[in-house]
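FYI, the numbering just counts along the sequence from 1.
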Amino acid sequence: MKLIKMASTAFVLCLATTQVYAQSALKDILSEGVLKVGTTGDWNPMTMKDPASNSYTGYDIDVMTQLATDLGVTVEFVPTDWKTLVSGVTAGKYHITGSASVSPARAKAAGYSSSYFALATVPLVNAKSGDKYKDWADLDVDGVTVAATLGTTQEKQVKQFFPNANHRIVEAPARDFQEVLSGRADAHITSNVEAFKLIEKYSDLKIVPVSAPRARTPIAMLLPQDDQVWINYVNTWITLKKESGFFDELGKKWRLTE
(Lines give C-alpha, C1' and ligand atoms only; values in the text may rest on other atoms or scores of the structure.)
Protein backbone atom coordinates (compact mmCIF):
# COMPACT_ATOMS: atom_id res chain seq x y z
CA MET A 1 0.00 0.00 0.00
CA LYS A 2 2.85 2.39 0.88
CA LEU A 3 4.49 1.74 -2.49
CA ILE A 4 1.20 2.41 -4.26
CA LYS A 5 0.84 5.74 -2.45
CA MET A 6 4.41 6.73 -3.32
CA ALA A 7 3.89 5.79 -6.94
CA SER A 8 0.65 7.77 -7.04
CA THR A 9 2.35 10.82 -5.54
CA ALA A 10 5.19 10.61 -8.03
CA PHE A 11 2.70 10.33 -10.90
CA VAL A 12 0.78 13.40 -9.71
CA LEU A 13 3.99 15.43 -9.38
CA CYS A 14 5.14 14.35 -12.82
CA LEU A 15 1.77 15.22 -14.31
CA ALA A 16 1.77 18.62 -12.61
CA THR A 17 5.29 19.35 -13.89
CA THR A 18 4.28 18.35 -17.41
CA GLN A 19 1.24 20.59 -17.28
CA VAL A 20 3.27 23.56 -16.03
CA TYR A 21 5.79 23.08 -18.84
CA ALA A 22 2.98 22.79 -21.38
CA GLN A 23 1.72 26.22 -20.31
CA SER A 24 5.16 27.85 -20.30
CA ALA A 25 6.46 30.40 -22.79
CA LEU A 26 9.55 28.20 -23.03
CA LYS A 27 7.53 25.48 -24.76
CA ASP A 28 6.01 28.00 -27.16
CA ILE A 29 9.42 29.48 -27.97
CA LEU A 30 10.95 26.09 -28.70
CA SER A 31 7.99 24.79 -30.69
CA GLU A 32 7.53 27.96 -32.75
CA GLY A 33 11.24 28.63 -33.12
CA VAL A 34 10.93 32.33 -32.25
CA LEU A 35 11.89 34.35 -29.17
CA LYS A 36 9.82 37.55 -29.05
CA VAL A 37 11.55 40.39 -27.20
CA GLY A 38 9.93 43.70 -26.24
CA THR A 39 12.31 46.62 -26.67
CA THR A 40 11.91 50.41 -26.77
CA GLY A 41 14.72 51.24 -29.17
CA ASP A 42 15.40 54.58 -27.48
CA TRP A 43 17.93 53.82 -24.74
CA ASN A 44 21.50 54.32 -25.87
CA PRO A 45 23.58 52.13 -25.61
CA MET A 46 21.14 49.42 -24.52
CA THR A 47 18.65 49.44 -27.40
CA MET A 48 18.67 51.75 -30.41
CA LYS A 49 16.36 51.53 -33.41
CA ASP A 50 17.38 52.62 -36.89
CA PRO A 51 14.16 53.91 -38.53
CA ALA A 52 15.63 53.57 -42.02
CA SER A 53 16.31 49.84 -41.74
CA ASN A 54 13.84 49.11 -38.92
CA SER A 55 16.67 47.26 -37.16
CA TYR A 56 18.06 47.41 -33.64
CA THR A 57 21.53 47.60 -32.14
CA GLY A 58 22.82 47.80 -28.58
CA TYR A 59 23.77 45.90 -25.46
CA ASP A 60 20.27 44.47 -24.98
CA ILE A 61 20.10 43.45 -28.61
CA ASP A 62 23.33 41.48 -28.30
CA VAL A 63 22.12 39.84 -25.08
CA MET A 64 18.82 38.74 -26.59
CA THR A 65 20.40 37.60 -29.83
CA GLN A 66 22.73 35.36 -27.81
CA LEU A 67 19.85 34.05 -25.71
CA ALA A 68 17.95 33.12 -28.89
CA THR A 69 21.06 31.47 -30.33
CA ASP A 70 21.53 29.37 -27.21
CA LEU A 71 17.86 28.39 -27.33
CA GLY A 72 18.30 27.37 -30.95
CA VAL A 73 15.64 29.81 -32.20
CA THR A 74 15.47 33.13 -34.04
CA VAL A 75 14.87 36.44 -32.26
CA GLU A 76 12.07 38.87 -33.10
CA PHE A 77 12.22 42.36 -31.60
CA VAL A 78 8.78 43.76 -30.83
CA PRO A 79 8.53 47.56 -30.62
CA THR A 80 7.18 48.89 -27.31
CA ASP A 81 7.57 51.98 -25.13
CA TRP A 82 8.23 52.54 -21.46
CA LYS A 83 4.65 53.13 -20.39
CA THR A 84 3.48 49.82 -21.97
CA LEU A 85 6.61 47.74 -21.29
CA VAL A 86 5.01 45.77 -18.45
CA SER A 87 1.56 45.44 -19.98
CA GLY A 88 3.13 44.08 -23.16
CA VAL A 89 4.73 41.16 -21.35
CA THR A 90 1.66 40.46 -19.21
CA ALA A 91 -0.56 40.49 -22.31
CA GLY A 92 1.71 38.05 -24.11
CA LYS A 93 2.85 40.43 -26.85
CA TYR A 94 6.39 39.23 -26.21
CA HIS A 95 8.03 36.52 -24.11
CA ILE A 96 10.57 38.77 -22.40
CA THR A 97 11.85 42.34 -22.40
CA GLY A 98 15.28 43.82 -22.66
CA SER A 99 16.86 45.53 -19.67
CA ALA A 100 14.52 47.25 -17.21
CA SER A 101 15.11 48.77 -13.79
CA VAL A 102 13.96 46.52 -10.98
CA SER A 103 11.10 48.21 -9.12
CA PRO A 104 8.36 47.08 -6.70
CA ALA A 105 5.71 48.66 -8.92
CA ARG A 106 6.69 46.58 -11.94
CA ALA A 107 7.09 43.47 -9.79
CA LYS A 108 3.41 43.67 -8.84
CA ALA A 109 2.45 42.70 -12.37
CA ALA A 110 5.45 41.03 -13.98
CA GLY A 111 8.24 38.66 -13.04
CA TYR A 112 11.94 39.54 -13.11
CA SER A 113 14.99 37.57 -14.09
CA SER A 114 18.13 37.64 -12.00
CA SER A 115 20.03 40.90 -12.31
CA TYR A 116 23.14 41.07 -14.49
CA PHE A 117 23.98 44.78 -14.32
CA ALA A 118 23.36 47.85 -12.15
CA LEU A 119 23.13 51.53 -12.94
CA ALA A 120 22.74 54.81 -11.06
CA THR A 121 21.01 58.11 -11.78
CA VAL A 122 22.77 61.37 -12.65
CA PRO A 123 21.47 64.79 -13.79
CA LEU A 124 22.35 66.46 -17.08
CA VAL A 125 22.03 70.13 -18.03
CA ASN A 126 22.78 72.34 -21.00
CA ALA A 127 26.50 73.02 -21.14
CA LYS A 128 25.72 76.69 -21.69
CA SER A 129 24.54 76.91 -18.07
CA GLY A 130 28.19 76.89 -17.03
CA ASP A 131 28.84 76.15 -13.35
CA LYS A 132 25.37 77.14 -12.19
CA TYR A 133 24.52 73.58 -11.19
CA LYS A 134 27.10 71.74 -9.10
CA ASP A 135 25.06 69.25 -7.07
CA TRP A 136 21.57 67.82 -6.59
CA ALA A 137 20.42 70.66 -4.32
CA ASP A 138 21.10 73.26 -7.03
CA LEU A 139 18.35 71.69 -9.14
CA ASP A 140 15.80 71.30 -6.35
CA VAL A 141 14.63 74.91 -6.31
CA ASP A 142 11.59 76.79 -7.50
CA GLY A 143 12.08 78.07 -11.02
CA VAL A 144 14.15 75.12 -12.20
CA THR A 145 12.41 72.67 -14.57
CA VAL A 146 13.55 69.05 -14.59
CA ALA A 147 12.35 66.74 -17.36
CA ALA A 148 11.67 63.00 -17.45
CA THR A 149 10.09 60.55 -19.90
CA LEU A 150 6.68 59.13 -19.05
CA GLY A 151 6.73 55.54 -17.81
CA THR A 152 10.43 55.44 -16.93
CA THR A 153 11.96 54.99 -13.51
CA GLN A 154 13.24 58.56 -13.83
CA GLU A 155 9.67 59.89 -13.94
CA LYS A 156 9.21 58.91 -10.28
CA GLN A 157 12.74 59.91 -9.34
CA VAL A 158 12.23 63.45 -10.64
CA LYS A 159 9.35 63.95 -8.22
CA GLN A 160 11.30 62.30 -5.40
CA PHE A 161 14.64 64.07 -5.90
CA PHE A 162 13.27 67.51 -6.82
CA PRO A 163 10.06 68.20 -4.86
CA ASN A 164 10.63 71.97 -5.04
CA ALA A 165 11.39 72.14 -8.76
CA ASN A 166 9.01 72.12 -11.71
CA HIS A 167 8.55 68.78 -13.45
CA ARG A 168 8.19 68.40 -17.21
CA ILE A 169 7.06 64.87 -18.13
CA VAL A 170 7.16 64.07 -21.85
CA GLU A 171 5.72 61.07 -23.66
CA ALA A 172 7.63 58.86 -26.12
CA PRO A 173 8.72 59.24 -28.84
CA ALA A 174 9.73 62.57 -27.29
CA ARG A 175 12.63 62.30 -24.87
CA ASP A 176 13.58 64.21 -21.75
CA PHE A 177 17.05 65.20 -22.94
CA GLN A 178 15.48 66.86 -26.00
CA GLU A 179 13.66 69.19 -23.62
CA VAL A 180 17.00 70.34 -22.22
CA LEU A 181 18.52 70.78 -25.67
CA SER A 182 15.54 72.86 -26.79
CA GLY A 183 15.55 75.01 -23.65
CA ARG A 184 12.14 73.81 -22.44
CA ALA A 185 13.78 72.28 -19.36
CA ASP A 186 16.86 73.15 -17.34
CA ALA A 187 17.83 69.57 -16.56
CA HIS A 188 16.86 65.94 -16.87
CA ILE A 189 17.99 62.78 -15.13
CA THR A 190 18.97 59.46 -16.60
CA SER A 191 21.18 56.46 -15.96
CA ASN A 192 24.92 56.99 -15.86
CA VAL A 193 25.07 54.54 -18.76
CA GLU A 194 22.94 56.68 -21.07
CA ALA A 195 24.50 59.89 -19.77
CA PHE A 196 27.94 58.91 -21.10
CA LYS A 197 26.45 58.34 -24.55
CA LEU A 198 24.43 61.54 -24.57
CA ILE A 199 27.36 63.84 -23.81
CA GLU A 200 29.38 61.96 -26.42
CA LYS A 201 26.69 62.67 -29.03
CA TYR A 202 25.51 66.13 -27.95
CA SER A 203 28.18 68.68 -27.10
CA ASP A 204 25.48 70.97 -25.64
CA LEU A 205 24.83 68.52 -22.80
CA LYS A 206 26.94 67.92 -19.73
CA ILE A 207 26.67 65.77 -16.61
CA VAL A 208 26.33 67.76 -13.40
CA PRO A 209 29.40 66.96 -11.24
CA VAL A 210 27.30 65.76 -8.30
CA SER A 211 28.93 64.50 -5.13
CA ALA A 212 27.57 61.02 -5.89
CA PRO A 213 25.06 59.39 -8.24
CA ARG A 214 21.72 58.37 -6.73
CA ALA A 215 19.42 55.37 -6.78
CA ARG A 216 21.81 52.57 -7.67
CA THR A 217 19.40 50.13 -9.29
CA PRO A 218 19.76 46.53 -10.46
CA ILE A 219 18.79 45.80 -14.06
CA ALA A 220 16.95 42.67 -15.16
CA MET A 221 14.58 41.29 -17.79
CA LEU A 222 10.80 41.28 -17.38
CA LEU A 223 8.96 38.00 -17.91
CA PRO A 224 5.44 36.63 -17.25
CA GLN A 225 5.04 36.58 -13.48
CA ASP A 226 3.45 33.12 -13.21
CA ASP A 227 5.78 31.33 -15.65
CA GLN A 228 8.36 29.88 -13.29
CA VAL A 229 9.60 27.38 -15.88
CA TRP A 230 10.60 30.22 -18.23
CA ILE A 231 12.00 32.35 -15.39
CA ASN A 232 14.10 29.40 -14.17
CA TYR A 233 15.52 28.83 -17.63
CA VAL A 234 16.48 32.49 -18.11
CA ASN A 235 18.04 32.67 -14.63
CA THR A 236 20.10 29.56 -15.32
CA TRP A 237 21.25 31.07 -18.60
CA ILE A 238 22.22 34.34 -16.90
CA THR A 239 24.22 32.47 -14.24
CA LEU A 240 26.15 30.52 -16.87
CA LYS A 241 26.81 33.63 -18.95
CA LYS A 242 28.07 35.52 -15.91
CA GLU A 243 30.51 32.72 -15.15
CA SER A 244 31.76 32.69 -18.74
CA GLY A 245 32.43 36.44 -18.70
CA PHE A 246 29.82 37.15 -21.40
CA PHE A 247 28.27 40.14 -19.62
CA ASP A 248 31.65 41.62 -18.69
CA GLU A 249 32.85 41.50 -22.29
CA LEU A 250 29.60 42.95 -23.57
CA GLY A 251 29.84 45.77 -21.03
CA LYS A 252 33.29 46.67 -22.37
CA LYS A 253 32.04 46.57 -25.95
CA TRP A 254 29.22 49.02 -25.25
CA ARG A 255 31.19 51.13 -22.73
CA LEU A 256 28.68 50.82 -19.93
CA THR A 257 31.12 52.45 -17.54
CA GLU A 258 33.66 55.21 -17.92
Colleague: Is there a donor-acceptor contact under 3.5 Å from the side chain of Asp135 to the main chain of Ala137?
Modeller: no
Colleague: With side chain to side chain donor-acceptor pair (under 3.5 Å) as the test, would you mind laying out the steps for Asp81 and Thr84 before giving the verdict?
Modeller: CA-CA 6 Å; Asp81 55 43; Thr84 60; 2.8 Å; yes
Colleague: Write down the atom of Ser99, the atom of Ile219, and the distance for their closest heavy-atom approach.
Modeller: CB-CG2, 3.3 Å
Colleague: In terms of ring plane angle, is the pair Trp237 and Phe246 parallel, tilted or perpendicular, where the classes change at 30° and 60°?
Modeller: perpendicular
Colleague: So, for Trp230 and Ala25, which heavy atoms are closest and what is the spacing to 0.1 Å?
Modeller: CD1-CB, 3.9 Å
Colleague: For Phe177 and His188, take the angle between the two ring planes, folded into 0 to 90°, and tell me which bin it lands in: parallel under 30, tilted 30 to 60, perpendicular over 60.
Modeller: tilted
Colleague: Report yes if the side chains of Ile238 and Ser113 come closer than 4.5 Å at any heavy-atom pair, otherwise no.
Modeller: yes
Colleague: Tell me whether Thr217 contacts the main-chain N or O of Ala215 through its side chain, where contact means a donor paired with an acceptor under 3.5 Å.
Modeller: yes
Colleague: When rounded to the nearest 0.5 angstrom, what is the spacing between CG in Leu35 and CG in Leu71?
Modeller: 6.5 Å
Colleague: Any idea which heavy atoms bring Ser114 and Asn235 closest together, and the distance?
Modeller: N-OD1, 2.6 Å
Colleague: So how far is it from Lys156 NZ to Ser103 OG, rounded to the nearest 0.5 Å?
Modeller: 6.0 Å
Colleague: Enter the distance from Glu32:CD to Lys27:NZ here, rounded to the nearest 0.5 Å.
Modeller: 9.0 Å
Colleague: Is the backbone of Val170 close enough, under 3.5 Å, to the side chain of Glu179 for a donor and an acceptor to pair up by distance?
Modeller: no
Colleague: Any sub-3.5 Å donor-acceptor pair from Lys206's side-chain atoms to Gly130's backbone N or O?
Modeller: yes
Colleague: Between CG of Leu26 and CG of Asp227, what distance do you get to the nearest 0.5 Å?
Modeller: 8.0 Å
Colleague: Treat each ILVMFWY residue as a node, draw an edge where side-chain heavy atoms are under 4.5 Å apart, and state whether Val146 and Val180 are in one component.
Modeller: no
Colleague: Quiz question: by atom type and distance under 3.5 Å, do the side chains of Ser24 and Tyr233 form a donor-acceptor pair?
Modeller: no
Colleague: Taking atom types as modelled and ignoring hydrogens, do the side chains of Thr39 and Thr47 form a donor-acceptor contact shorter than 3.5 angstrom?
Modeller: yes
Colleague: Counting C-beta onward and ignoring hydrogens, is there a side-chain heavy-atom pair between Val37 and His95 closer than 4.5 Å?
Modeller: no
Colleague: For the residue pair Phe247 and Phe117, is the inter-centroid distance of their aromatic rings smaller than 6.0 Å?
Modeller: no
Colleague: Thr121 versus Ser191: any side-chain heavy-atom pair under 4.5 Å?
Modeller: no
Colleague: Considering only heavy atoms from C-beta outward, does the side chain of Tyr202 approach that of Leu181 to under 4.5 Å?
Modeller: yes
Colleague: Check the pair Glu155 / Lys83 against salt bridge (charged side-chain N to carboxylate O under 4.0 Å, His left out), numbers first and verdict last.
Modeller: CA-CA 11 Å; Glu155 179 191 358; Lys83 68 178 182 296; over 6 Å; no
Colleague: Can Thr149 and Gln154 be said to form a side chain to side chain contact (heavy atoms under 4.5 Å, CB included), step by step?
Modeller: CA-CA 7 Å; Thr149 304; Gln154 286 76 29; over 6 Å; no
Colleague: Can Lys132 and Asp186 be counted as an ion pair, charged N to O under 4.0 angstrom?
Modeller: no
Colleague: Quick one, Trp136 and Ile189 - any side-chain contact, counting heavy atoms below 4.5 Å?
Modeller: yes
Colleague: Of the non-hydrogen atoms in Ala165 and Asp140, which two are nearest, and what is the gap between them?
Modeller: N-OD1, 3.7 Å
Colleague: Grab the two heavy atoms, one from Val158 and one from Ala148, that are nearest each other, plus how far apart they are.
Modeller: CG2-CB, 3.6 Å
Colleague: Quick test of your reading of the model: are Arg175 and Glu194 salt-bridged, counting only N-O distances below 4.0 Å?
Modeller: yes
Colleague: How many angstroms lie between OG1 in Thr40 and CG in Asp60, if you round to the nearest 0.5 Å?
Modeller: 8.0 Å
Colleague: Is there a path from Ile96 to Leu240 through hydrophobic residues (I, L, V, M, F, W, Y) whose side chains come within less than 4.5 Å of each other?
Modeller: no
Colleague: Look at the rings of Trp82 and Trp43 and say which category their plane angle falls in: under 30° parallel, 30 to 60° tilted, over 60° perpendicular.
Modeller: perpendicular
Colleague: State whether a side-chain donor-acceptor pair under 3.5 Å links Thr80 with Tyr94.
Modeller: yes
Colleague: I would like to know whether Asp62 and Lys253 meet salt bridge (charged side-chain N to carboxylate O under 4.0 Å, His left out); could you show each step before the answer?
Modeller: CA-CA 10 Å; Asp62 286 352; Lys253 172 184 175 181; 2.8 Å; yes
Colleague: Is there a side-chain contact between Thr57 and Asp50, using heavy atoms and a 4.5 Å cut-off?
Modeller: no
Colleague: With a 4.5 Å cut-off on side-chain heavy atoms, are Thr236 and Thr239 touching?
Modeller: no
Colleague: Could you check whether any side-chain heavy atom of Ile61 comes within less than 4.5 Å of a side-chain heavy atom of Val75, counting everything from C-beta outward?
Modeller: no
Colleague: Under 3.5 Å, side chain of Thr97 to main-chain N/O of Leu222, donor-acceptor pair present?
Modeller: yes
Colleague: Locate the shortest heavy-atom distance separating Ala110 from Val89; write the atom from each residue and the value.
Modeller: CB-CG1, 4.0 Å
Colleague: Establish, for the pair Arg214 and Phe161, whether the NZ or CZ atom is under 6.0 angstrom from the six-membered ring centre and no further than 45 degrees off its axis.
Modeller: yes
Colleague: Can you tell me how far NZ of Lys49 sits from CG of Asn54, rounded to the nearest 0.5 angstrom?
Modeller: 4.0 Å
Colleague: Mind running salt bridge (charged side-chain N to carboxylate O under 4.0 Å, His left out) on Asp70 and Lys241 for me, showing each step along the way?
Modeller: CA-CA 11 Å; Asp70 291 346; Lys241 288 300 180 183; 3.0 Å; yes
